[in-house]
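Note sheet for the following structure.
Below, each value reflects all heavy atoms present in this structure, side chains not excepted, and no hydrogens, waters or symmetry copies.
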Amino acid sequence: MPTQLVGQDNHANDVRVKTVFSGDVMITYINHNITLDEFTQEMVAICRFAPDQVFTMKWVDEEGDPCTISTQLELDEALRLYELNRDSELTVHGE
């Protein structure tokens, strides 16, 4: 079940994730210490993918370039740069 919530007050320490898939934009909040498996399950839930559906996750860096998230290291780097740049949200595209 996605942690998609409307109020932002309860998520002051969480990462706001804007997910774009199939023309839809969805907002969810994740913990800074999320694992790749947990993040993948969040994307499956929020995008309503079938459990066996293959998909690719990409985040958009500060230069607007898509960067694949397929390992824990890549996810950690996306979250590190989110913090470093003090971004308002992490933008993720599903393909």
Side-chain angles (χ1 to χ4, degrees):
M1 184 76 148
T3 55
Q4 184 176 5
L5 299 172
V6 176
Q8 189 174 2
D9 296 340
N10 297 335
H11 300 284
N13 296 320
D14 290 342
V15 176
R16 177 183 157 110
V17 179
K18 179 171 81 172
T19 304
V20 180
F21 175 70
S22 190
D24 292 329
V25 177
M26 298 149 285
I27 303 295
T28 192
Y29 293 86
I30 61 171
N31 186 288
H32 292 267
N33 298 323
I34 195 167
T35 66
L36 179 63
D37 186 53
E38 292 168 336
F39 186 69
T40 301
Q41 290 306 313
E42 183 74 12
M43 293 301 106
V44 166
I46 199 169
C47 295
R48 297 186 180 111
F49 292 138
D52 59 346
Q53 183 170 341
V54 176
F55 65 98
T56 301
M57 298 179 292
K58 296 183 179 186
W59 67 281
V60 180
D61 69 10
E62 65 273 5
E63 296 172 354
D65 297 325
C67 304
T68 301
I69 300 174
S70 61
T71 66
Q72 185 66 48
L73 185 62
E74 290 168 341
L75 176 58
D76 291 344
E77 180 67 0
L79 294 171
R80 184 188 73 79
L81 291 173
Y82 163 88
E83 287 294 322
L84 182 70
N85 296 326
R86 300 185 185 274
D87 292 332
S88 61
E89 62 196 11
L90 179 67
T91 302
V92 176
H93 289 251
E95 297 181 352

Practice task
Using a 4.5 Å cut-off on heavy atoms from C-beta on, say whether the side chain of D65 contacts that of V60.
Solution key: no
Handout entry: E83: partners by side chain to side chain donor-acceptor pair (under 3.5 Å), with sequence neighbours left out
Key = H32
Handout entry: Side chain proximity check, L36 to M57, heavy atoms < 4.5 angstrom
Key = yes
Practice task
Find the distance between CZ (F49) and OG1 (T40) and round it off to the nearest 0.5 Å.
Solution key: 10.5 Å
Handout entry: Interatomic spacing from CZ in R48 to OG in S22 - rounded to 0.5 Å
Key = 11.5 Å
Exercise for the section: Check for a donor-acceptor pair, side chain of E74 on one end and backbone N or O of S70 on the other, with a separation under 3.5 Å. Expected result: yes
Problem - From CZ (R80) to CG (L73), nearest 0.5 Å - result: 10.0 Å
Exercise for the section: Taking the side chain as every heavy atom from C-beta outward, state whether I27 and V17 have any atom pair closer than 4.5 Å. Expected result: no
Problem - From CG (L79) to CD1 (I30), nearest 0.5 Å - result: 5.0 Å
Practice task
Please check if the distance between the ring centroids of F55 and F21 is under 6.0 Å.
Solution key: no
Completion exercise
Between the CD atom in Q53 and the CE atom in M43, the distance rounded to the nearest 0.5 Å is 14.0 Å
Practice task
Answer whether the closest heavy-atom distance between the side chains of V44 and P51 falls below 4.5 Å.
Solution key: no
Exercise for the section: Check whether the side chains of Q72 and T35 place a donor and an acceptor atom closer than 3.5 Å, and report yes or no. Expected result: no
Problem - From CA spacing to verdict: side chain to side chain contact (heavy atoms under 4.5 Å, CB included), K58, I69 - result: CA-CA 5 Å; K58 296 183 179 186; I69 300 174; over 6 Å; no
Practice task
Over all heavy atoms of both residues, which pair between D14 and Y82 is shortest? Give the atoms and the distance, please.
Solution key: O-OH, 4.0 Å
Practice task
Could you tell me the separation between the SG atom of C67 and the CG atom of L81, rounded to the nearest 0.5 Å?
Solution key: 8.5 Å
Handout entry: Pairs flagged by salt bridge (charged side-chain N to carboxylate O under 4.0 Å, His left out) wherever residues 18-35 is involved - sequence neighbours left out
Key = K18-E89
